[in-house]
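Note sheet for the following structure.
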Amino acid sequence: INEAYCSGYVRGRNYSAAGPACEKALGGAPTAQQYQTLAQVYFQPGAGRNLNKSIDYANRYLQASGGRDPGAHFLIGQAQHASGNYKAAA
């Protein structure tokens, strides 16, 4: 049921509610797609923004998917820059 809430909150752009709902939907064996979704959800501006979680989930996504997604690498760099970690963002 948490997957339905996750999807609904994302579609409704309620990212502060989507993050926790999507995390609850992970279950025992998360997929690369679930990690990617969480990385993007936590990167969105607003009350639910959590750049550390965005970076963590993007790294998990890269590890689960083979590490060749340039969009995920870009998201990590943007999140590091937005959090003030300019050295890691470069």
Side-chain angles (χ1 to χ4, degrees):
I1 189 134
N2 287 315
E3 290 177 9
Y5 282 121
C6 171
S7 179
Y9 289 138
V10 169
R11 276 189 259 137
R13 296 182 181 176
N14 183 353
Y15 301 116
S16 61
C22 293
E23 283 184 321
K24 288 178 185 175
L26 286 179
T31 66
Q33 180 63 42
Q34 287 173 311
Y35 288 141
Q36 182 183 37
T37 298
L38 279 161
Q40 293 170 344
V41 163
Y42 279 119
F43 185 74
Q44 298 303 314
R49 187 173 212 182
N50 186 326
L51 297 172
N52 289 329
K53 282 190 175 188
S54 180
I55 293 166
D56 179 51
Y57 282 119
N59 281 319
R60 290 183 193 193
Y61 164 70
L62 287 170
Q63 186 175 31
S65 66
R68 295 185 169 239
D69 184 341
H73 288 285
F74 183 75
L75 185 141
I76 291 169
Q78 290 293 306
Q80 289 170 331
H81 184 270
S83 66
N85 189 353
Y86 306 118
K87 185 175 182 179

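Predicted model, so just to flag it, every value in this text is computed and none were measured.
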Heavy-atom closest pair, residues Ala18 and Val10: CB-CG2, 3.8 Å

Exercise: identify the closest heavy-atom pair between Ala17 and Tyr9: O-CD1, 3.5 Å

Hey, can you pull the donor-acceptor pairs under 3.5 Å for the side chains in residues 43-51, sequence neighbours left out?
from  : atom 1 : to    : atom 2 : distance (Å)
Gln44 : NE2    : Gln40 : O      : 3.2
Arg49 : NE     : Phe43 : O      : 2.9
Arg49 : NH2    : Phe43 : O      : 3.3
Asn50 : OD1    : Asn52 : N      : 3.3
Asn50 : OD1    : Lys53 : N      : 3.0

Separation between OH of Tyr57 and OH of Tyr42, rounded to the nearest 0.5 Å: 6.0 Å

Approximate separation, where rounding is to 0.5 Å, of Leu62 CG and Gln36 CD: 9.0 Å

Using the disulfide (SG to SG under 2.5 Å) rule, collect all pairs that involve [range], keeping only residues at least two apart or in two chains.
range	value
residues 31-61	none
residues 9-90	Cys6-Cys22
residues 38-90	none
residues 34-90	none

Could you tell me which residues satisfy side-chain hydrogen bond (donor to acceptor under 3.5 Å, both in side chains) with [X], sequence neighbours excluded, listed by chain and number?
X	value
Tyr35	none
Ser7	Arg11
Asn14	Ser16

Side-chain donor/acceptor pairs under 3.5 Å, residues 63-78, sequence neighbours excluded:
from  : atom 1 : to    : atom 2 : distance (Å)
Ser65 : OG     : Tyr61 : O      : 2.8
Asp69 : OD1    : Gly71 : N      : 2.8
Asp69 : OD1    : Ala72 : N      : 3.4
Asp69 : OD2    : Tyr61 : OH     : 2.8
His73 : NE2    : Gly67 : O      : 3.0

Pairs involving residues 54-65, ordered by first then second residue, that meet salt bridge (Lys or Arg N to Asp or Glu O under 4.0 Å) (sequence neighbours left out): Asp56-Arg60

Sequence neighbours excluded, every pair satisfying salt bridge (Lys or Arg N to Asp or Glu O under 4.0 Å) that has a member inside residues 25-40: none

Extract all donor-acceptor atom pairs below 3.5 Å that involve side chains of residues 79-90 and protein atoms in other chains or at least two apart in sequence.
from  : atom 1 : to    : atom 2 : distance (Å)
Ser83 : OG     : Ala79 : O      : 3.2
Ser83 : OG     : Gln80 : O      : 3.0
Asn85 : OD1    : Ala88 : N      : 3.3

